[in-house]
Novice: 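The structure that follows is given in the form of structure tokens.
We count residues from 1, following the sequence as given.
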Amino acid sequence: MKDLLFAAVEAAAQAGAEVMKQYKKGFTTEIKSDESPVTTADLAANRIIIEKLAQTQIPVYSEEGPYLNAEVVKASEKYWILDPIDGTKDFVNHTDEFVICIGMIGENTALAGVLLAPAMGLLYFGAQGIGSYKFIGDFDELLQQFGYGSFENLCQDSAKLPLQKPTGTYKFLSSRYHQDPVTDEYWEGLKREKPSAEKVVCGSAIKLGLMAEGVAHEYTRFLSVNFWDIAAGHAVAKYAGIKVCQPMTEQEIEYTSETLRVDGYSLKL
């Protein structure tokens, strides 16, 4: 698993370098059939990651293709699932809150995951039997880890998660672009219970990495998400010791649905 996770981190770093080049120098955007945006950076990152992960001999599926289907979910022992840029709206709007998500699913759960938010300078990675880490260093230092480096060196330059337990005002993470009435109602109930609670708005799945680090008390989302949106962050949180549950339950989320979606999730510290 160490070699697989190291390959995923390297794939994310290589993709991140190209994404940041386009983020700074320019990119073009199209609207897909589902009315969501896709950029030349999404497609370039997708190609880079798939080419790297193909070397692992484990099937690779992506939001941008090749596409996952229900038959794969039923038949595959394990597979990579990725979103080359989660938070494309954040990328287009230059909020910096976009993240490269690479997850591995097997046994109906997340086995490994990488979350890289290059504009925020954040990298989280974790896997079954290894635990989860946050890289301590800037993006240039991350790129230097590969070629002559090793997974052990990467871990030495990282901190084991969770780094801390949140203290002080109760912080509730909330999506920047994906609001819904059920989550809003839940937040209002939480405010009545904890009047001083603070809603912290942030884009993309990087919120799961922030939870794994211990910077907030709760992230609950009732809207469903695609497997590629959640698998990487699920792994990072899970192997940091944080259970990712179905909302209002103690039941961990699973990857069995033929719709390729998870019906909401909740993390609490």
Side-chain angles (χ1 to χ4, degrees), residues 8-32 34-50 52-53 61-65 80-103 110 113-126 134-135 137-143 173-179 199-213 215-216 219 221 223 225-237 262 265 267:
V9 175
E10 183 173 7
Q14 290 175 351
E18 174 61 27
V19 166
M20 288 305 296
K21 184 188 303 182
Q22 296 198 33
Y23 192 57
K24 294 174 180 177
K25 296 185 177 180
F27 53 88
T28 59
T29 306
E30 296 180 0
I31 302 300
K32 298 190 290 187
D34 64 357
E35 299 187 354
S36 65
V38 63
T39 71
T40 49
D42 290 84
L43 300 178
N46 198 56
R47 289 192 297 271
I48 291 168
I49 296 169
I50 289 173
K52 179 63 180 179
L53 294 184
Y61 302 96
S62 169
E63 178 184 11
E64 308 304 341
W80 295 108
I81 185 71
L82 66 105
D83 189 343
I85 299 180
D86 181 66
T88 300
K89 289 182 180 178
D90 291 284
F91 181 83
V92 171
N93 293 327
H94 279 78
T95 72
D96 291 353
E97 295 168 353
F98 58 89
V99 61
I100 295 167
C101 299
I102 302 176
V114 177
L115 294 172
L116 172 63
M120 297 175 72
L122 294 174
L123 167 66
Y124 303 100
F125 57 97
K134 177 187 179 183
F135 180 72
D138 61 28
F139 192 64
D140 288 337
E141 290 170 326
L142 173 62
L143 293 174
L173 293 181
S174 181
S175 175
R176 182 176 299 280
Y177 296 109
H178 302 286
Q179 302 293 330
K199 181 190 286 188
V200 181
V201 175
C202 180
S204 83
I206 197 61
K207 292 187 288 293
L208 285 99
L210 296 173
M211 285 295 299
E213 183 176 345
V215 302
Y219 174 31
R221 171 184 168 131
L223 280 178
V225 294
N226 296 298
F227 287 2
W228 52 79
D229 295 317
I230 182 64
H234 179 194
V236 169
V262 172
Y265 55 90
L267 297 76

Novice: For the residue pair Leu210 and Tyr124, establish whether any side-chain heavy-atom pair is separated by less than 4.5 Å.
Specialist: yes
Novice: I need the minimum non-hydrogen distance between Ile206 and Gly203, along with the two atoms involved.
Specialist: CG2-O, 3.5 Å
Novice: Which heavy atom of Ala17 sits nearest to which heavy atom of Phe139, and what is that distance?
Specialist: N-CZ, 3.5 Å
Novice: So do Asp229 and Asp86 actually touch side chain to side chain, heavy atoms under 4.5 Å?
Specialist: yes
Novice: Is any side-chain heavy atom of Leu116 closer than 4.5 Å to a side-chain heavy atom of Leu142?
Specialist: yes
Novice: Would you please name every residue forming a side-chain hydrogen bond (donor to acceptor under 3.5 Å, both in side chains) with Gln14, sequence neighbours left out?
Specialist: Glu10
Novice: Does NZ belonging to Lys21 count more than 12 external heavy atoms closer than 6.0 Å?
Specialist: no
Novice: Does the Gln179 side chain pair with the main chain of Ser175, one donor and one acceptor, at a distance under 3.5 Å?
Specialist: yes
Novice: I would like to know whether Phe135 and Phe125 meet ring pair (Phe, Tyr, Trp, His ring centres under 6.0 Å); could you show each step before the answer?
Specialist: CA-CA 8 Å; Phe135 180 72; Phe125 57 97; 7.9 Å; no
Novice: If you look at every heavy atom in Ala110 and Ala231, which pair is closest and at what distance?
Specialist: CB-O, 3.4 Å
Novice: If you measure from CG on Asp83 to CG on Asn226, what distance do you get to the nearest 0.5 Å?
Specialist: 8.5 Å
Novice: If we only count heavy atoms from C-beta on, is the Val38 to Glu64 side-chain gap below 4.5 Å?
Specialist: yes
Novice: State, to 0.1 Å, how close Ala13 and Leu143 come at their nearest heavy-atom pair, and which atoms those are.
Specialist: O-CD2, 3.6 Å
Novice: Got a second to check how far Trp228's CH2 is from Ile230's CD1, nearest 0.5 Å?
Specialist: 13.5 Å
Novice: Residues in side-chain hydrogen bond (donor to acceptor under 3.5 Å, both in side chains) with Thr40, at least two apart?
Specialist: Gln22
Novice: So, Tyr61 versus Phe227, ring centres under 6.0 angstrom or not?
Specialist: no
Novice: How long is the straight-line distance from CD1 of Ile102 back to CG of Leu115, given to the nearest 0.5 Å?
Specialist: 9.5 Å
Novice: Apply the test side chain to side chain contact (heavy atoms under 4.5 Å, CB included) to residues Lys207 and Arg221: give CA-CA distance (whole Å), side-chain angles for both, the deciding distance (0.1 Å), then the verdict.
Specialist: CA-CA 11 Å; Lys207 292 187 288 293; Arg221 171 184 168 131; over 6 Å; no
Novice: Quick one, Ile85 and Asp90 - any side-chain contact, counting heavy atoms below 4.5 Å?
Specialist: no
Novice: Looking only at heavy atoms, which two atoms of Val114 and Ala8 are closest? And how far apart?
Specialist: CG2-CB, 3.7 Å
Novice: List, one per line, each side-chain donor-acceptor pair under 3.5 Å for residues 43-50, sequence neighbours excluded.
Specialist:
residue, atom, partner, partner atom, Å
Asn46, OD1, Ser62, OG, 2.5
Asn46, ND2, Gly65, O, 2.8

Novice: So Lys89 and Arg176, do their side chains get closer than 4.5 Å, heavy atoms only?
Specialist: no
Novice: Roughly how far apart are Ser36 OG and Ile31 CD1, rounded to 0.5 Å?
Specialist: 7.5 Å
Novice: Pick out which of Phe27, Tyr23, Tyr177 makes a ring-ring contact (aromatic ring centres under 6.0 Å, His included) with Phe98.
Specialist: Tyr23
Novice: Compare every heavy atom of Ala235 with every heavy atom of Gly126, then report the nearest pair and how far apart it is.
Specialist: O-CB, 4.4 Å
Novice: For Asp138, does its backbone N or O pair with a side-chain atom of Glu141 as donor and acceptor, under 3.5 Å?
Specialist: yes
Novice: When rounded to the nearest 0.5 angstrom, what distance separates CG in Leu267 from CE in Met211?
Specialist: 5.0 Å
Novice: Between Asn93 and Thr95, is any side-chain donor less than 3.5 angstrom from a side-chain acceptor?
Specialist: no
Novice: Within this structure, what is the OG-CE distance for the pair Ser204 and Met120, rounded to the nearest 0.5 Å?
Specialist: 7.0 Å
